[in-house]
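Presented below is the structure to which this report refers.
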Amino acid sequence: MQANWPPNARIILHIDMDAFYAAVEELDQPEYRGKPLVVGADPKGGHGRGVVSTANYPARKFGIHSAMPISQAYKRCPHAIFVRGRYARYSEISTQVMDILKSFSPIIQQISIDEAFLDATGATNLYGPPQYIARKIKDAIRSQTGLTGSVGVAANKFIAKVASDLEKPDGLTVCLPGSEQTFLAPLPIRKLWGVGEKTAEKLNKLGMKTIGDIANVEQGHLMHMFGKWGLHLWQLSRGIDSRAVEQFTTRKSISEETTFEEDVMDYAFVEKTLFRIADRLSRSMQRKNLKGRTVTLKLRWQGFETHTRSKTLNEYVNDAETLRSIAVRQFRAMSREGRRVRLVGIGVSQLNTVGGEQLSLFGHQQSPQNEKLESLLSELKAKFGDAVITRAALMESKIRKPGSSKNEDSKN
Ligand code: TTP
Ligand code: MG
């Protein structure tokens with residue numbers, strides 16, 4: 001535990017709470033503890049529709065997992081306790097956890113309701129070496145919320161994220177800078193960001209099963225197969241990831257889409273697909289604690305011509321039913337004339353947190369730094385007069401930093 005962290009390496013932590021919704025239920029209902037517990041839709045004696053949000057670890061022993069149809073979960077373990085989600089409560093505990101993390105470092109990027117990255121590079125003077133910081137964070141979460149979280153510590157985000165998952169639940173996994181490749185090599189390729197079932201299959205067929213297998217092929221080979229993304233994969237497989245922990249995500253919209261294997265003329269099938277997309281999108285928004293006001297249908301016809309239709313509502317939504325009905329209505333309103341559909345998707349923008357407070361990330365509100373700057377400016381102006389200081393952006397000859405390109409439609 002005491003091995004040295006190179007002084008020039010970043011210290012990135014990834015924290016992910018264990019079986020989060022289920023753990024909160026066990027916290028609030030002591031009689032649930034230690035028994036198989038499933039949070040999700042009503043199983044209705046095995047005939048329920050909807051899916052599992054999460055299951056505690058005893059229930060996972062029966063093969064139950066997030067996103068599994070609730071009817072299947074019921075079949076696997078009918079004697080499990082099944083409860084509906086209480087999102088307001090999860091959100092409340094999530095805020096507590098994030099506040100604890102912020103007390104260790106202000107550079108925090110919340111990824112979902114129970115998960116965040118923390119850049120603790122500047123925190124060693126206060127809290128000691130990286131492994132100690134991680135331990136203290138885990139202890140603080142446990143003592144202040146009664147829950148456990150798993151922490152990964154590394155010199156970059158990708159490795160930290162992989163590490164936090166390795167020893168769940170209640171894990172603490174450290175990957176020392178310099179040992180990234182050895183750390184990753186034996187792990188399955190699905191652990192690489194962006195590698196889904198299909199890509200994994202494709203790579204498996206080519207004999208690549210572990211991350212080490214990818215690291216060992218020629219960089220050009222992967223680029224030939226997957227273009228620029230191949231290069232990205234290859235870099236990840238070697239533990240290279242220079243992305244910063246972004247305090248304020250640049251997300252402005254969230255979307256899900258499907259490209260059909262073959263262009264489709266069966267519009268009922270397209271509508272069914274929209275149903276599935278709405279479900280997926282709704283779940284993803286709920287996980288990320290997001291609601292939005294503008295719902296957009298995206299449709300690409302055979303031949304690549306693409307159209308979008310948006311509807312802005314008076315309230316913020318993230319439920320599948322609303323997303324579904326808007327998307328279908330818009331689809332029916334399009335002039336279709338027997339054309340084949342290549343892709344459909346639904347996006348939601350004008351996002352907001354579930355609690356209703358406007359996210360500073362979306363531009364309307366000032367970031368804390370902005371607020372600090374504003375109050376500093378007013379103080380200085382009060383002391384020295386209006387002309388003394390102004391924001392660079394308001395000066396006539398603006399000096400601009402090189403802009404960074406922002407992914408406004410991130411899916412992750
Ligand atoms: P996860 O962190 O993916 O899962 P988890 O915390 O339940 O379990 P783990 O110990 O493996 O981290 O997701 C956090 C919460 O988000 C989870 O408790 C419930 C919710 N969620 C869904 O509602 N649907 C889903 O498909 C997933 C993956 C999560
Ligand atoms: Mg979790």
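These figures come from a predicted structure and were not determined experimentally. As the structure lists them, so they are numbered: ligands from 1, and atoms in each ligand from 1. Scope of the values below: all heavy atoms of this structure, side chains included, with no hydrogens, waters or symmetry mates.
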Tell me, do H65 and V52 make a side-chain contact under 4.5 Å, heavy atoms counted? no

Show me which atoms of ligand 1 lie under 4.0 Å from any heavy atom of D16. 2 (O), 12 (O)

Closer than 4.0 angstrom, basic N to acidic O: yes or no for D99 and K102? yes

So which heavy atom in the protein is nearest atom 26 (O) of ligand 1, and how far is it from that ligand atom? R287 NH1, 3.4 Å

Any A19 heavy atom less than 4.0 Å to ligand 1: yes

Does D114 put an N, O or S atom under 2.8 Å from the Mg ion (ligand 2)? yes

Check each of K168, M17, R60 against atom 8 (O) of ligand 1 and report the one with the nearest heavy atom. R60

Within the structure, does V52 bring an N/O atom to less than 3.5 angstrom of an N/O atom in ligand 1? no

Per-atom filter on ligand 1: closer than 4.0 angstrom to a heavy atom of F20 are 5 (P), 6 (O), 7 (O), 18 (O)

Just need the protein heavy atom nearest to atom 18 (O) of ligand 1, so name the residue and atom and give the distance. Y21 N, 3.0 Å

Side chains of L37 and Q29 in contact at under 4.5 Å (non-hydrogen atoms): no

Within a distance of under 4.0 Å, is there any protein heavy atom near atom 10 (O) of ligand 1? yes

Test: E115 and K161 ion pair at under 4.0 Å: yes

Is E257 salt-bridged to R300, cutoff N-O under 4.0 Å? no

Any salt bridge between R276 and E256, counting N to O under 4.0 Å? no

Going by the 4.0 angstrom heavy-atom rule, the piece of Y57 near ligand 1 is side chain

Under 4.0 Å between a Lys/Arg side-chain N and an Asp/Glu carboxylate O for D42 and K44? no

Flag this pair as yes if the NZ/CZ of R135 is under 6.0 angstrom from the six-membered ring centre of Y132 and inside a 45 degree cone about the axis; otherwise no. no

With the side chain counted from C-beta on, respond yes when L233 and L192 share a heavy-atom pair under 4.5 Å apart, and no when they do not. yes

Report the name of the N/O/S atom of D16 located nearest to the Mg ion (ligand 2). OD1

Look only at interatomic distance and state if A22 has a nitrogen or oxygen under 3.5 Å from any nitrogen or oxygen of ligand 1. no

Is R324 paired with D279 through a side-chain N to carboxylate O contact shorter than 4.0 Å? yes

Check ligand 1 against T54 and write out every atom of the ligand that is under 4.0 Å from a heavy-atom position of the residue. 5 (P), 7 (O), 17 (C), 18 (O), 19 (C)

May I ask you to check whether D18 brings an N, O or S atom to under 2.8 Å from the Mg ion (ligand 2)? no

Pick from D170, D114, V39: the one approaching atom 13 (O) of ligand 1 most closely through a non-hydrogen atom: D114

Considering only non-hydrogen protein atoms, determine which one is nearest to atom 22 (C) of ligand 1 and report residue, atom name and distance to 0.1 Å. S53 O, 3.4 Å

Any N/O/S atom, side chain or main chain, of M17 closer to the Mg ion (ligand 2) than 2.8 Å? yes

Residues R89, E92: salt bridge by 4.0 Å N-O rule: yes

